[in-house]
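What follows is one structure encoded as structure tokens, with my remarks underneath.
All of these numbers come straight from a predicted model, not from anything done at the bench. Because only heavy atoms are used, hydrogens play no part in the values below, and waters and symmetry mates are left out as well, while side chains stay in.
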Amino acid sequence: MSELLTLENVDAYYGRSHVLHAVSLAVRRGEVVLLLGRNGAGKTTIMRTAMGLVAVRGGDIRLRGRRILGLAPHRIAQLGIGLVPEDRRVFAKLSVRQNLELGRKAPSDPDRPGAWNFEAVFALFPALAELQSRRSGTLSGGQQQMLTIARTLMGNPELLLLDEPAEGLAPVIVEVLAERLATLRHQGIAMLISEQNLTFARALADRAYVMESGTIRHQGAIDELDAHPQAWTRYVGF
């Protein structure tokens, strides 16, 4: 698989605070990669940095080999990266369908199959089809998470960045979400997932990066990380 997203020795800052330290990682086409680590390790910052939302003062970021460092977030989204934020950020006063409409755009590659539209997202999340006239602020947490993912898919991304997608959801909803993300994986959508629910995440992932204090401490296939239980205990807390 060829590399889709690459970060090379990235140093990122919030104001004067140095929050990512020479971070290098890659997500290949069609691959699911985990970001693991305790709260504050830098997982969310990596995603925000990839979307152009955090100041970078060193290193490089590329999408399909093209340099995207310094581009505006909306331009990065147009090129094929979709961010599903931890706090969901639905437009509470708008209906489900209106939220989806706001996310709609043509795919970055017009020849790429599987363009997302209302029919496609309703097939993936049938509950949203039944709720499409409802105001989004009245939905449950699980329904809002499905809406946020569906709205991001309406932008026809090639890569999804999912920040703690299972956080705060009931176990039965987490199971449904895992099934839907597995469907996306089979359709060839690459994913970078920050997640604390390892049962949920490990069922999807090919590889993982383990972070501490803005630095990557371990990386490799999931079964390779299982061979280093001290890494789970020290850096992830399990």
Side-chain angles (χ1 to χ4, degrees), residues 2-7 27-33 44 46-54 61-137 139 143-165 177 180-194:
S2 60
E3 291 182 346
L4 181 60
L5 175 71
T6 57
L7 278 69
V27 181
R28 304 181 185 106
R29 295 179 186 272
E31 183 181 41
V32 178
V33 175
T44 295
I46 283 181
M47 296 191 177
R48 288 175 55 82
T49 300
M51 286 300 303
L53 296 168
V54 178
I61 304 175
R62 293 181 177 271
L63 181 66
R64 301 184 210 92
R66 171 181 175 172
R67 194 169 198 253
I68 61 172
L69 182 62
L71 295 183
H74 75 274
R75 181 59 181 142
I76 293 173
Q78 290 171 347
L79 291 174
I81 300 180
L83 174 64
V84 179
E86 180 182 7
D87 52 2
R88 297 166 191 152
R89 300 188 185 182
V90 300
F91 295 94
K93 295 184 179 181
L94 299 183
S95 71
V96 167
R97 190 175 184 90
Q98 287 171 327
N99 268 265
L100 295 174
E101 179 66 37
L102 287 174
R104 183 166 61 171
K105 73 174 183 63
S108 55
D109 179 359
D111 296 324
R112 180 160 50 88
W116 289 91
N117 51 33
F118 287 112
E119 182 179 0
V121 297
F122 288 152
L124 184 68
F125 295 113
L128 295 182
E130 300 173 4
L131 298 167
Q132 59 183 295
S133 298
R134 285 265 301 272
R135 287 175 60 174
S136 299
L139 303 182
Q143 291 166 342
Q144 287 188 0
Q145 185 63 286
M146 293 177 188
L147 174 57
T148 304
I149 294 172
R151 185 182 62 195
T152 307
L153 289 172
M154 289 288 284
N156 284 286
E158 191 173 355
L159 169 65
L160 280 179
L161 310 179
L162 297 115
D163 193 4
E164 303 282 358
L177 185 59
R180 301 301 185 266
L181 293 182
T183 298
L184 295 179
R185 178 185 181 181
H186 293 321
Q187 293 178 358
I189 294 181
M191 288 175 265
L192 180 63
I193 303 176
S194 166

4.5 Å side-chain heavy-atom contact, [X] and [Y]:
X	Y	value
Leu160	Leu153	yes
Pro157	Ile189	no
Val121	Leu128	no
Met191	Leu181	yes
Leu184	Leu124	yes

For the [atom1] atom of [X] and the [atom2] atom of [Y], what is their distance to the nearest 0.5 Å?
X	Y	atom1	atom2	answer
Trp116	Gln187	CH2	CD	4.5 Å
Gln144	Arg89	CD	CZ	13.5 Å
Arg185	Thr183	CZ	OG1	12.0 Å
Ile81	Leu63	CD1	CG	4.5 Å
Leu100	Ser136	CG	OG	8.0 Å
Thr44	Leu53	OG1	CG	11.5 Å

* To do: Report yes or no: does Asp163 contribute a side-chain atom to a donor-acceptor pair with the main-chain N or O of Ser194 at less than 3.5 Å?
  => no
* Asn99 side chain to Thr148 main-chain N or O, any donor-acceptor pair under 3.5 Å? -> no
* List the steps and the verdict of side chain to side chain contact (heavy atoms under 4.5 Å, CB included) for Glu101 and Arg104. => CA-CA 5 Å; Glu101 179 66 37; Arg104 183 166 61 171; 2.7 Å; yes
Minimal non-hydrogen separation, [X] against [Y], with atom names:
X	Y	result
Val27	Ala190	CG1-CB, 4.1 Å
Arg151	Val90	NH1-CA, 3.6 Å
Ala50	Leu5	CB-CD2, 4.4 Å
Leu79	Arg66	CD2-NH1, 3.5 Å
Met47	Leu162	CE-O, 3.2 Å
Pro73	Gly52	CG-O, 3.7 Å

* To do: Test Val84 against Gln145 for side chain to side chain contact (heavy atoms under 4.5 Å, CB included), laying out the working first.
  => CA-CA 9 Å; Val84 179; Gln145 185 63 286; 3.7 Å; yes
* Tell me, yes or no, whether the heavy-atom count around Phe122 atom CZ, taken from other residues, nucleotides or ligands under 6.0 Å, exceeds 12. => yes
* Asked: After noting the C-alpha distance and the side-chain angles of Arg29 and Ser2, does the key distance pass the side-chain hydrogen bond (donor to acceptor under 3.5 Å, both in side chains) rule?
  -> CA-CA 6 Å; Arg29 295 179 186 272; Ser2 60; 2.9 Å; yes
* Verify side chain to side chain contact (heavy atoms under 4.5 Å, CB included) between Phe118 and Gln132, making sure each step is shown before the conclusion. => CA-CA 10 Å; Phe118 287 112; Gln132 59 183 295; 5.9 Å; no
* Could you walk me through whether Thr152 and Leu83 pass the side chain to side chain contact (heavy atoms under 4.5 Å, CB included) check? -> CA-CA 7 Å; Thr152 307; Leu83 174 64; 6.0 Å; no
* Asked: Which of these passes side-chain contact (heavy atoms from CB on, under 4.5 Å) with Leu4: Arg28, Arg64, Arg62?
  -> Arg64
